[in-house]
Colleague: 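A single structure is presented below for examination.
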Amino acid sequence: MDKIRLRYLAGLLLLCWRAGPALTAGQLVTTVVGGLLPMGTVWATKLLIDALTAGRTEHVLGPATALVGLGVAVGALPHLVSYLRSECDRRLDLMLQDRLYTQVNRFQGLSRFENPVFLDELRMAAQATGGSMGPVTSGLFDLGRNVITVIGLLSALAALSLPLAALVAVAAVPVLLARLSLEKRRIEMITRQSTTARREIFYASLITDVDAAKEVRLFGLGDFLKGRVLGELRTQQSGERRLDRREALVQAALAALSAGVGGAGLLWAAYSALSGSLTVGDVTAMVAAVAGTQAALIATVEYAAYAGHALMLFAHHERVMALTDDLSPPKEGAALPALRRGIELRDVWFRYDDGHPWMLRGVDLTIPHGTSLALVGLNGAGKSTLIKLLCRFYDPSRGAILWDGVDIRDVPPAELRARMGVLFQDFMNST
């Protein structure tokens, strides 16, 4: 794992701890206990079967009691883990959403919200919820539990047959490599399809949006927009289909490999028992250890792969959190006086992007206090742009806008906007 992902992992775990220290500690305890249960069950089962087959009735009570206690723990622990995980996810979700939308509300200008790249980033960042971060937060405890289980079961298996324990461990390597490769491809596919998904949502919203309903029906655009929605959807599904086919083939091959290793171990244990080198309890323990180890190894690989996807979403969240405001900060201590003389535009030039044409060129305009002024012009002449500059949704590319001689870039945007009332032509209707 590279340094950037490690930093994201550390940051996410810190947020998880802040969201609920007691919940995190509780998950840590249940992780250790849950990881040791399978090994305890294997050994207790072996001791019980050996005692029964040897006719040592005085040795039956201890393993039997242990199995009863382990059974109770196995039955109760998942419910406790589920509660701790759900509560942790809920608290982390609140914290992540609070952080994200607090940051978005800090952006005083409009330029970012008109940038498709930023909108894609924001859409992905919004998916970094408490539940989607589970593979990293709660999943890390699952990973720890499975690691403890694997170590315990492999130790038990090694005590019975060192070569078989080594074979089971080595067989897990291709599973790990294949699963990580598949998850990397899935993350790359999701990233590539972000723009396609945004276009699909946009076209679909035009079909169903009440504000667009008149034009869609007047100009007969329904079928055209439906075709665009289905086209973008087919593009997404095509990538998903290719990846799903590859995953199905790889997973089938890996399942066959695991079954082959387990079957070889079972045959070896059966023949060893017939020759007298293993007891019936040893065979039972070995079969359970092989099956449990393989299941825990596969689960470990799955958690690691899902964690990679979750960290990708959290990376989008962190990149949005790292952005500064798109407007230059005001001067410290600067205040906006009550308007007495008027508002003045001095040689104002503006364009929305360096690659776009100029919307305003060298505008000089004075709006005296206590007067009314009408701006008249064709669509696209820059009337609305000028109003947006007055509200400081953007800063002029050149020149300055003065409020009684004070450059509006020197005062907080919220203070300036508190003095204004604007009804835009593309206003929001809340009904």
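Since the structure is predicted, the reported quantities are computational estimates derived from the model, not experimental observations.
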Colleague: Is it the case that over 12 heavy atoms from other parts of the model lie below 6.0 angstrom from the CD1 atom of I201?
Modeller: yes
Colleague: Could you please spell out the steps behind the side chain to side chain contact (heavy atoms under 4.5 Å, CB included) verdict for L390 and I408?
Modeller: CA-CA 8 Å; L390 289 176; I408 63 173; 5.8 Å; no
Colleague: Determine whether more than 12 heavy atoms belonging to other residues, nucleotides or ligands lie under 6.0 Å from atom CZ of F113.
Modeller: yes
Colleague: Write down the atom of Q103, the atom of L323, and the distance for their closest heavy-atom approach.
Modeller: NE2-O, 2.7 Å
Colleague: Describe, in one word, how the ring planes of H317 and F314 are oriented to each other, choosing from parallel (under 30°), tilted (30 to 60°) and perpendicular (over 60°).
Modeller: parallel
Colleague: Specify the closest pair of heavy atoms between R392 and P413, including all atoms of both residues, with the distance to one decimal.
Modeller: NH1-CG, 3.7 Å
Colleague: Does D89 form a salt bridge (charged side-chain N to carboxylate O under 4.0 Å, His left out) with R85? I'd like the steps, not just the answer.
Modeller: CA-CA 6 Å; D89 287 351; R85 175 179 298 177; 5.8 Å; no
Colleague: Please report the closest heavy-atom contact between L327 and Q108, naming both atoms and the distance.
Modeller: CD1-CB, 3.6 Å
Colleague: Quick check: closest heavy atoms across V348 and P396, and the distance to 0.1 Å?
Modeller: CG1-CB, 4.1 Å
Colleague: Check whether more than 12 heavy atoms from other residues, nucleotides or ligands sit under 6.0 Å from atom CZ of R398, and answer yes or no.
Modeller: yes
Colleague: What's the spacing between L225 CG and R228 CZ if we round to 0.5 Å?
Modeller: 8.5 Å
Colleague: Do any N or O atoms from the side chain of R417 and from the backbone of C391 form a donor-acceptor pair under 3.5 angstrom?
Modeller: yes
Colleague: Compare all side-chain heavy atoms of V422 with those of I387 and state whether any distance is below 4.5 angstrom.
Modeller: yes
Colleague: Within the structure provided, determine whether M124 and M312 are in side-chain contact (heavy-atom separation under 4.5 Å).
Modeller: yes
Colleague: Search all heavy atoms of L70 against all heavy atoms of A44 and return the closest pair with its distance.
Modeller: CD1-CB, 4.3 Å
Colleague: So how far is it from L313 CG to Q127 CD, rounded to the nearest 0.5 Å?
Modeller: 5.5 Å
Colleague: Are E87 and R91 within salt-bridge range, i.e. N to O under 4.0 Å?
Modeller: yes
Colleague: Between V216 and I207, is a side chain to side chain contact (heavy atoms under 4.5 Å, CB included) present by the stated rule, with each step listed?
Modeller: CA-CA 7 Å; V216 169; I207 295 176; 5.8 Å; no
Colleague: Can you tell me how far CG of L360 sits from NZ of K383, rounded to the nearest 0.5 angstrom?
Modeller: 11.0 Å
Colleague: If I compare all heavy atoms of P78 with all of A73, which pair ends up nearest, and what's the gap?
Modeller: CD-O, 4.3 Å
Colleague: Ring centres under 6.0 Å, that's the criterion: do F224 and F219 meet it?
Modeller: no
Colleague: When you check the side-chain N and O atoms of R123 and H316, is any donor under 3.5 Å from an acceptor?
Modeller: no
Colleague: Answer yes or no: is there a side-chain heavy-atom contact under 4.5 Å between L15 and R99?
Modeller: yes
Colleague: Between R234 and Q237, is any side-chain donor less than 3.5 angstrom from a side-chain acceptor?
Modeller: no
Colleague: Begin with the C-alpha distance, continue with both residues' side-chain angles, and end with the deciding distance and a verdict on side-chain hydrogen bond (donor to acceptor under 3.5 Å, both in side chains) for S205 and D209.
Modeller: CA-CA 5 Å; S205 68; D209 186 65; over 6 Å; no
Colleague: Hey, are the side chains of W349 and M359 touching, using non-hydrogen atoms and a 4.5 Å cut-off?
Modeller: no
Colleague: Are any side-chain N or O atoms of T149 and backbone N or O atoms of G35, one a donor and one an acceptor, separated by less than 3.5 Å?
Modeller: yes
Colleague: Does CZ in R18 sit with more than 12 non-hydrogen atoms of other residues, nucleotides or ligands closer than 6.0 Å?
Modeller: no
Colleague: Looking at T129, is its backbone amide N or carbonyl O close enough to the side chain of S132 to form a donor-acceptor pair, meaning the two atoms are under 3.5 Å apart?
Modeller: yes
Colleague: Look at the side chain of Q27 and the backbone N and O of F141, then say whether any donor-acceptor pair between them is shorter than 3.5 Å.
Modeller: no
Colleague: Please check if the side chain of W403 supplies one atom and the backbone of P337 the other of a donor-acceptor pair under 3.5 Å.
Modeller: yes
Colleague: L122 versus F118: any side-chain heavy-atom pair under 4.5 Å?
Modeller: yes
Colleague: Find the distance between CG (L80) and CG (L84) and round it off to the nearest 0.5 Å.
Modeller: 4.5 Å
Colleague: What's the separation between atom CG in L13 and atom OG1 in T137, rounded to the nearest 0.5 Å?
Modeller: 8.0 Å
Colleague: Could you tell me whether the side chain of R217 and the main chain of G222 form a donor-acceptor pair under 3.5 Å?
Modeller: no
Colleague: Apply the test side chain to side chain contact (heavy atoms under 4.5 Å, CB included) to residues R199 and Y203: give CA-CA distance (whole Å), side-chain angles for both, the deciding distance (0.1 Å), then the verdict.
Modeller: CA-CA 6 Å; R199 286 199 296 260; Y203 293 134; 4.1 Å; yes
Colleague: Is there a donor-acceptor pair closer than 3.5 Å between any side-chain N or O of T30 and the backbone N or O of V81?
Modeller: no
Colleague: Return yes when atom CG of D353 has more than 12 non-hydrogen atoms of other residues, nucleotides or ligands closer than 6.0 Å, and no otherwise.
Modeller: yes
Colleague: Just wondering, do Y8 and L6 contact through their side chains at under 4.5 Å, heavy atoms?
Modeller: no
Colleague: Is any side-chain heavy atom of W43 closer than 4.5 Å to a side-chain heavy atom of P63?
Modeller: no
Colleague: Have Y394 and T385 got a donor and an acceptor in their side chains that come within less than 3.5 Å?
Modeller: no
Colleague: Under a 3.5 Å threshold, yes or no: a donor from one side chain and an acceptor from the other, between D326 and S111?
Modeller: yes
Colleague: Would you kindly say whether S238 and R242 are connected by a side-chain donor-acceptor distance under 3.5 Å?
Modeller: yes
Colleague: To the nearest 0.5 Å, tell me how far R145 CZ sits from L36 CG.
Modeller: 11.5 Å
